[in-house]
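This report refers to the structure that appears directly beneath it.
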Amino acid sequence: MAATAPMRRPVRRVAAVPAVLALACLLAAAPVAADQDDPRLDGLFDRLDGISDKANAREVTQKIWAIWYEHDQKAVERAMRDAHNALRAGEPGVALGMFDKAVRLDPEYAEAWNGRATTHFMLGNYEQSLADIERTLELEPRHFGALAGRGRCYLALDAPEKALTAFEASLAINPHQPGTRRRAERLREKLDGEAI
């Protein structure tokens, strides 16, 4: 939230009431951080459920991700951008430090936790990744990316039943994830074959 100029103390207490009400109205109208609490998400998730067209599904999915990445604090945005740049540059250790910073700056920001979970996964820190995924899902239970990541962690930890459960939970929220669908189908076939 942007800092405002300090208000002068009113001469009379009665005059302070309208000023307080005006300030409350301004604060209520101020933009809030987007990410997992953004009211646009409900409509997008509703649309996602009924889409059969791949291009339309991809567009809605990208809008959801874009909202998840939004943040109203420049320092958090900068840490997230630097973390993603480090990942693209093949420097997951640097990225981890930047995601740590984003989490410290705003512990209620789901996408910072999800980014850190992804980086832990890349570093082979599967238990830490799972812990960050749990926090992501506490903040945004519809985070299909975190659920798919949970599945990948469980695969790496040789827990195929848990992995399949996670992939299926992700697909229940967003059925338009071809990579996750393929992993779930292969895993289901493997588990069915082992059960015979």
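As the structure is a computational prediction, the values presented were derived from the model and not from experiment.
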Taking atom [atom1] of [X] and atom [atom2] of [Y], what is their separation to the nearest 0.5 Å?
{"X": "L130", "Y": "L157", "atom1": "CG", "atom2": "CG", "answer": "6.0 Å"}
{"X": "R188", "Y": "F167", "atom1": "CZ", "atom2": "CZ", "answer": "11.0 Å"}
{"X": "F45", "Y": "T61", "atom1": "CZ", "atom2": "OG1", "answer": "8.5 Å"}
{"X": "T119", "Y": "L96", "atom1": "OG1", "atom2": "CG", "answer": "6.0 Å"}
{"X": "F99", "Y": "H84", "atom1": "CZ", "atom2": "NE2", "answer": "4.0 Å"}
{"X": "H71", "Y": "D106", "atom1": "NE2", "atom2": "CG", "answer": "3.5 Å"}

*Test log, rule side-chain contact (heavy atoms from CB on, under 4.5 Å), inputs E138 and W113*: CA-CA 10 Å; E138 287 171 13; W113 291 95; over 6 Å; no
*Tell me, with the steps shown, if D132 and R150 meet salt bridge (charged side-chain N to carboxylate O under 4.0 Å, His left out).*
CA-CA 10 Å; D132 284 350; R150 178 191 274 168; over 6 Å; no
_Atom of P107, atom of R135 and distance for their closest heavy-atom approach_ =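 Nearest heavy atoms, P107 then R135: O-NH2, 3.4 Å.
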*Start with the C-alpha distance between I133 and L147, add both sets of side-chain angles, then the distance that settles side-chain contact (heavy atoms from CB on, under 4.5 Å), and finish with yes or no.*
CA-CA 8 Å; I133 287 168; L147 286 164; over 6 Å; no
*Just do the salt bridge (charged side-chain N to carboxylate O under 4.0 Å, His left out) check on K54 and E59 with the steps written out, would you?*
CA-CA 9 Å; K54 284 183 184 179; E59 178 186 338; over 6 Å; no
*Kindly state whether the ring of Y126 and the ring of H120 have centres lying under 6.0 angstrom apart.*
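No - the distance between ring centres of Y126 and H120 does not fall below the 6.0 Å cut-off.
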_With a 6.0 Å cut-off on the ring centroids, do H176 and F144 count as close?_
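That pair fails the under 6.0 Å test.
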*Would you call R186 and E189 a salt bridge, using N to O less than 4.0 angstrom?*
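No salt bridge links R186 with E189.
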*asked:* Using side-chain contact (heavy atoms from CB on, under 4.5 Å), reason through N85 and R88 one step at a time and then give a plain yes or no.
replied: CA-CA 5 Å; N85 287 339; R88 279 191 285 278; 2.6 Å; yes
_Starting from L44, can I reach W65 by hopping between I/L/V/M/F/W/Y residues whose side chains sit under 4.5 Å apart?_
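Both belong to a single hydrophobic cluster.
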*With sequence neighbours excluded, what pairs up with E185 under the salt bridge (Lys or Arg N to Asp or Glu O under 4.0 Å) test?*
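Checked E185 against salt bridge (Lys or Arg N to Asp or Glu O under 4.0 Å); zero matches.
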*E111 versus H143, side-chain donor and acceptor atoms under 3.5 Å*: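 Result is yes, a qualifying pair exists.
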*Please check if atom CG in D49 has more than 12 non-hydrogen atoms from other residues, nucleotides or ligands closer than 6.0 Å.*
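Incorrect, the count does not exceed 12.
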